[in-house]
Amino acid sequence: MREFDRAVYRLVFQIPRGRVATYGQIAALLGYPRAARAVGAALKRCGPELPWHRVLNHGGGISLRANVAGMLTQRILLEREGIPLRRGRVDLKRHRWAGPRRRPKVTLPALEKI
DNA sequence: TCCGTGACACAAG
DNA sequence: CCTTGTGCCACGG
């Protein structure tokens, strides 16, 4: 297992139910803004425990071109968790994952007073 | 090590 | 809306 693949899986695993990300977004979040294709390649090799169906192409569509069964599967998995597809696309404006939450800084005003 | 292959992205026509 | 062409880069043979 390659480091890049592990990094992809680690991140994709964090995408919550009801949210989606794009291949390019995952790549960028990992620090490889031009490795979107490599993300797709990594997901092709991932196990079923990973929420791979939450990763879409730049237009919010499903990229499993030649795999009809896979496309249907991804669509079903998405709709099952409340992500609708209109004309074959997910509304990224509405469902895009914001990315992993960095640990909040602990400089709270309340603490300053103490 | 080199080379072809994409579950991509983006711009142009 | 297409469709094509180009850039990209990890992976596998």
Side-chain angles (χ1 to χ4, degrees):
Chain A
M1 169 87 59
R2 298 288 173 157
E3 184 54 41
F4 182 81
D5 283 26
R6 261 206 301 276
V8 169
Y9 300 157
R10 199 163 54 231
L11 193 54
V12 170
F13 196 74
Q14 297 182 67
I15 305 175
R17 263 181 79 90
R19 311 255 76 176
V20 299
T22 66
Y23 296 98
Q25 182 186 348
I26 295 299
L29 286 171
L30 291 176
Y32 300 85
R34 287 153 294 184
R37 304 186 70 141
V39 172
L43 291 187
K44 188 165 70 172
R45 297 183 289 272
C46 80
E49 66 283 354
L50 205 79
W52 58 271
H53 59 284
R54 296 176 189 153
V55 185
L56 305 167
N57 64 31
H58 189 71
I62 292 170
S63 279
L64 296 150
R65 310 194 172 193
N67 189 345
V68 181
M71 291 183 74
L72 183 56
T73 299
Q74 185 164 11
R75 177 169 190 142
I76 289 173
L77 289 174
L78 287 170
E79 294 182 327
R80 172 185 290 179
E81 51 188 65
I83 302 174
L85 278 82
R86 236 96 52 177
R87 286 188 287 269
R89 315 193 149 216
V90 168
D91 183 351
L92 293 177
K93 279 279 203 228
R94 180 128 61 195
H95 297 97
R96 187 194 286 276
W97 179 44
R101 285 275 165 250
R102 294 302 187 192
R103 34 173 167 263
K105 288 209 67 172
V106 201
T107 47
L108 301 175
L111 292 180
E112 308 269 337
K113 292 182 180 179
I114 304 177

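Proteins get letters first, then strands, A, B, ... in listed order; numbering begins at 1 in each.
For the pair Leu78(A) and Leu56(A), the minimum side-chain heavy-atom distance is below 4.5 Å. Proximity of Leu64(A) to Thr73(A): side-chain heavy atoms (C-beta onward) are nowhere separated by under 4.5 Å. Within the 4.5 Å cutoff, side-chain heavy atoms of Trp97(A) are placed close to those of Leu11(A). At a threshold of 4.5 Å between non-hydrogen side-chain atoms, the residues His58(A) and Gln25(A) do not count as touching. Residues Val12(A) and Val39(A) form no side-chain contact, since every pair of their non-hydrogen atoms from C-beta on lies 4.5 Å or further apart.
Between the CG atom of Asp5(A) and the P atom of dA7(B) there is a distance of 15 Å, given to the nearest Å. Computed from coordinates, the Met1(A) CE to dG12(C) P distance equals 11 Å when rounded to whole Å. Here the C1' atom of nucleotide dA11(B) and the NE2 atom of His58(A) are 11 Å apart, to the nearest Å. Atom P of nucleotide dC11(C) and atom CG of Leu43(A) are separated by 12 Å, given to the nearest angstrom. If you measure from atom CG of Leu30(A) to atom C1' of dC8(B), you get 14 Å, rounded to the nearest angstrom. Atom pair Tyr23(A):OH and dC8(B):P shows a separation of 6 Å (rounding to whole Å applied). Taking atom CG on Leu92(A) and atom C1' on dA9(B), their separation rounds to 13 Å, with Å as the unit. Taking atom CD1 on Ile26(A) and atom P on dA7(B), their separation rounds to 17 Å, with Å as the unit.
Closest to the Phe4(A) side chain, of the nucleotides dA9(B), dC11(C), dA7(B), is dC11(C). The Ala38(A) side chain lies nearest to dA10(C) when the options are dA10(C), dC11(C), dA7(B). Closest to the side chain of Arg45(A), from the set dC9(C), dC11(C), dA9(B), is dC11(C). The side chain of Lys44(A) lies closest to dA7(B) when the candidates are dA7(B), dG12(C), dA9(B). Minimum atom distance to the side chain of Arg34(A) is reached by dC8(C), of the listed dC8(C), dA7(B), dG12(C).
For the pair Arg89(A) and Tyr32(A), both in contact range of DNA chain C, the more 5′-proximal nearest nucleotide belongs to Arg89(A).
You'll find a donor-acceptor pair under 3.5 Å spanning the side chain of Arg37(A) and the base of dG7(C), going by distance alone.
Heavy atoms of Asn67(A) sit nowhere under 4.0 angstrom from any nucleic acid atom.
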